[in-house]
Amino acid sequence: MKKAEDQILIIFGASGDLTKRKLIPALFDLYKQNLLPQKFAVLGASRSALSDDEFRNRADEFIPDDEKREEFKKLLFYQSVQNNEADDFIPLKERLDELSGSLEIEPNYVFYLSTPPSLYPVIPKMLCLNGLSKSENNFRRLIVEKPFGTDLKSAKELNKQLLHYFEEEQIYRIDHYLGKETVQNMLVTRFSNGIFEPLWNRRYIERVEITSAESLGVEGRGGYYESSGALRDMLQNHLLQVAGFVAMEPPVVVEADAIRNETLKVFQSLRPIKENEVSRYVIRGQYTNSSIGGQKVAGYREEPGVDKLSRTETFVALKFFIDNWRWAGVPFYIRTGKKLPTRVTEIVIHFRKVPHHLFGNATSNSNNQLIIRIQPDEGILLKFGMKTPGAGFKVQTVNMDFHYSDLADKKVPTAYERLLLDCMQGDATLYSRGDAVEAAWEFVQPIINAWETNPEIPIYGYPAGSWGPEESAKLIVNGDWRYPCKNLHNDGLYCEL
């Protein structure tokens, strides 16, 4: 793998939770693997008044005790920045000039917005006014965290504001789901194997199912979740992007624009769901109090910061169609929720049944399934029928699987490791483009509108620890949701929650 050019990564919101839990640990892992640029520095920036040493000492809390920890901490610096006026960024610019000179690093800058969304348009403006957004001889890149808008109008406005200060090729809209190794491997599974791609169409596939389940609730973030909900928090961005990878056409080359052009075509082919059709295609739910493992669990409306009459969804199931040549008539199903039985994210390809059933038992008539497990127990599982030893032709379903953990000599990088390194190298393949973000919002906007304007659309309660409202089963006409377990290995033999 080629080394990225020398550069400085500036993290706005450096004292925040994301920086502590994800960004600094990911950078430390890249450092240990010798993947960072030869000359590299991290400049933390936030309103807190900290010295370089104080920022480095805080890093001890979230970097594991390792022989390289002290070496890595020498790459960390800090600058206090207020975000109110353009002049507030003058000390930041001076500090960057000083670091570039003293550390002999080319003034290539990556700005990471790990801040509240209200600052997404503010900080780029301040950077532009101080001459930090563009350079003739060096690169400037901007990483924007989710959420990218709260609806179609706000997403368009944010895109417009960012493009006033940065070019599209400079903007990296992060979606950490696309950084997961198993999501990327889907492209390899499809496009490097002659046994899968010829079957990847309406002729052989009956339906596609994507599940992202969390066993946790809102965990003290009720105030934030009230303004978000499962549709905005998970489906509009992460899971639609995953669906784009499942449904896309083969790109001409494995390059950012070619791949992102194909996922955009998928979003443009989504059959619109009209506001008066929402209750037919979308089921929303909210977890209620129950008992899990003998312990009482509070319902969503009992969580701190949540309205006692809240209609915010903690579960959403969606049926939709992609109106193009490959997928015409094939239903896609997405399901995501909190307080479900286990934490698991997977894609299930349900192949069509054989046209003529030679063997009488029910198992022989079941669909083959290809299961791509994103997390946990990452891997791929193929379910198919085999003859049970003995007299007659009794058929049973068997598993053939592969696990990333089998690659014992290879480290599976975290999503943020991969995405940070890609941006450092200027590879935007796994980042969302502005037009694709707007297309995804355009698809879900009628659902948002219907929920906000039609109080007759129900929000179903489901006991915490269950698989969501029973009504979600009605979306699938022929068949049922697959109910996954934490373990992919020995799937169907035992269930680990």
Side-chain angles (χ1 to χ4, degrees), residues 9-13 16 18-19 22-23 26 109-125 127-128 133-134 139-180 183-184 228 231-245 248 255-268 270 414-445:
L9 172 65
I10 301 94
I11 302 176
F12 292 96
L18 180 65
T19 303
K22 299 292 185 181
L23 302 184
Y109 303 145
V110 174
F111 302 102
Y112 197 117
L113 302 186
S114 177
T115 65
S118 59
L119 293 176
Y120 291 173
V122 175
I123 293 175
K125 178 181 179 180
L127 293 172
C128 180
S133 63
K134 291 181 176 63
F139 65 75
R140 302 282 192 269
R141 296 171 188 149
L142 181 74
I143 301 179
V144 185
E145 265 288 345
K146 73 155 212 169
F148 197 90
T150 57
D151 54 19
L152 177 60
K153 181 180 178 181
S154 60
K156 283 186 171 181
E157 181 61 27
L158 179 55
N159 265 334
K160 181 180 177 182
Q161 291 171 317
L162 292 180
L163 291 171
H164 191 69
Y165 309 114
F166 285 80
E167 302 295 329
E168 175 61 43
E169 58 267 23
Q170 295 178 280
I171 303 171
Y172 291 68
R173 299 166 187 83
I174 202 164
D175 188 324
H176 67 264
Y177 257 62
L178 297 188
K180 295 182 184 295
V183 174
Q184 301 158 41
S228 173
L231 184 71
R232 290 181 170 96
D233 189 47
M234 288 294 297
L235 193 145
Q236 179 275 331
N237 42 59
H238 301 323
L239 300 182
L240 277 183
Q241 289 288 344
V242 171
F245 269 41
M248 66 185 281
E255 292 180 358
D257 279 344
I259 291 175
R260 298 199 295 179
N261 285 343
E262 297 304 333
T263 56
L264 174 63
K265 290 177 187 176
V266 173
F267 299 148
Q268 291 173 333
L270 293 173
T414 66
Y416 278 98
E417 281 179 62
R418 176 64 192 267
L419 292 168
L420 283 167
L421 185 59
D422 280 359
C423 183
M424 291 176 193
Q425 296 177 338
D427 184 352
T429 303
L430 301 177
Y431 287 85
S432 302
R433 203 166 61 191
D435 50 7
V437 170
E438 291 184 11
W441 273 119
E442 189 169 354
F443 176 66
V444 303
Q445 189 62 50

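Start at 1 with the first residue, then count along the sequence. Worth saying up front: this structure is predicted, and the values here are computed from it rather than measured. Excluded from the calculations below are hydrogen atoms, water molecules and symmetry mates; all remaining heavy atoms, backbone and side chain alike, are included.
Using a 3.5 Å distance cut-off with no hydrogens or angles, the side chains of S154 and E157 do not pair a donor with an acceptor. Side chain to side chain, T429 and E255 fail the donor-acceptor criterion of an N or O pair below 3.5 Å. The closest side-chain donor-acceptor pair between Y112 and E145 falls under 3.5 angstrom.
Here the side chains of I171 and Y431 are not in contact, with every heavy-atom distance at 4.5 Å or above. F111 places none of its side-chain heavy atoms less than 4.5 Å from the side chain of Q170. Residues P124 and L142 form a side-chain contact, since some pair of their non-hydrogen atoms from C-beta on lies under 4.5 Å apart. Side chains of F245 and V183 form a contact here, defined as non-hydrogen atoms less than 4.5 Å apart. Two residues are said to be in side-chain contact when any heavy atoms from C-beta on lie closer than 4.5 Å; E168 and D435 fail this criterion. With contacts defined as side-chain heavy-atom distances shorter than 4.5 Å, the pair K160/K156 does not qualify. The shortest distance between side-chain heavy atoms of F12 and S114 does not fall below 4.5 Å. Between Y416 and I174 there is a side-chain heavy-atom pair separated by less than 4.5 Å.
Once rounded to the nearest 0.5 Å, the distance linking CG of L264 with CD of Q268 reads 4.0 Å. In this structure, E417 CD and L420 CG are separated by 9.0 Å, a value rounded to the nearest 0.5 Å. Considering CG of L419 and NZ of K22, their distance stands at 11.5 Å, rounded to 0.5 Å. Atom CD1 of I123 sits about 9.0 Å away from atom OG of S118, to the nearest 0.5 Å. Between atom NZ of residue K180 and atom CG of residue L430 there is a gap of 12.5 Å, rounded to the nearest 0.5 Å. Atom CG of L18 and atom NE2 of H176 lie 9.5 Å apart (nearest 0.5 Å).
In this structure, Y177 and H238 have parallel ring planes: the angle between them is below the 30° cut-off, well short of the 60° mark.
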Test L240 against W441 for side chain to side chain contact (heavy atoms under 4.5 Å, CB included), laying out the working first. CA-CA 10 Å; L240 277 183; W441 273 119; over 6 Å; no
Run the side chain to side chain contact (heavy atoms under 4.5 Å, CB included) test on R433 and T263 for me, step by step, so that the C-alpha distance in whole Å, both residues' side-chain angles and the decisive distance to 0.1 Å come before the verdict. CA-CA 10 Å; R433 203 166 61 191; T263 56; over 6 Å; no
Under the side chain to side chain contact (heavy atoms under 4.5 Å, CB included) rule, what do N237 and V437 come out as? Steps first, then yes or no, please. CA-CA 8 Å; N237 42 59; V437 170; over 6 Å; no
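Both tests pass for R141 against the ring of F139: distance under 6.0 Å to the centre and angle within 45° of the axis. By the 6.0 Å and 45° rule, R173 stacks over the aromatic ring of F148.
Using a 4.0 Å cut-off between a side-chain N of Lys or Arg and a carboxylate O of Asp or Glu, D151 and R232 do not qualify as a salt bridge. Salt-bridge formation is detected for the pair K146/D233: a Lys NZ or Arg NE/NH1/NH2 atom is positioned less than 4.0 Å from an Asp or Glu carboxylate oxygen.
With respect to I11, the side chain to side chain contact (heavy atoms under 4.5 Å, CB included) criterion is satisfied by exactly one of L113, T19, V110: T19.
Within a 6.0 Å radius of NZ in K134, more than 12 heavy atoms belonging to other residues, nucleotides or ligands are found.
Contact record, F166 with S133: CZ-CB, 3.6 Å, taken as the closest heavy-atom pair.
The backbone N or O of P121 sits nowhere less than 3.5 Å from a side-chain atom of Y165 that would complete a donor-acceptor pair.
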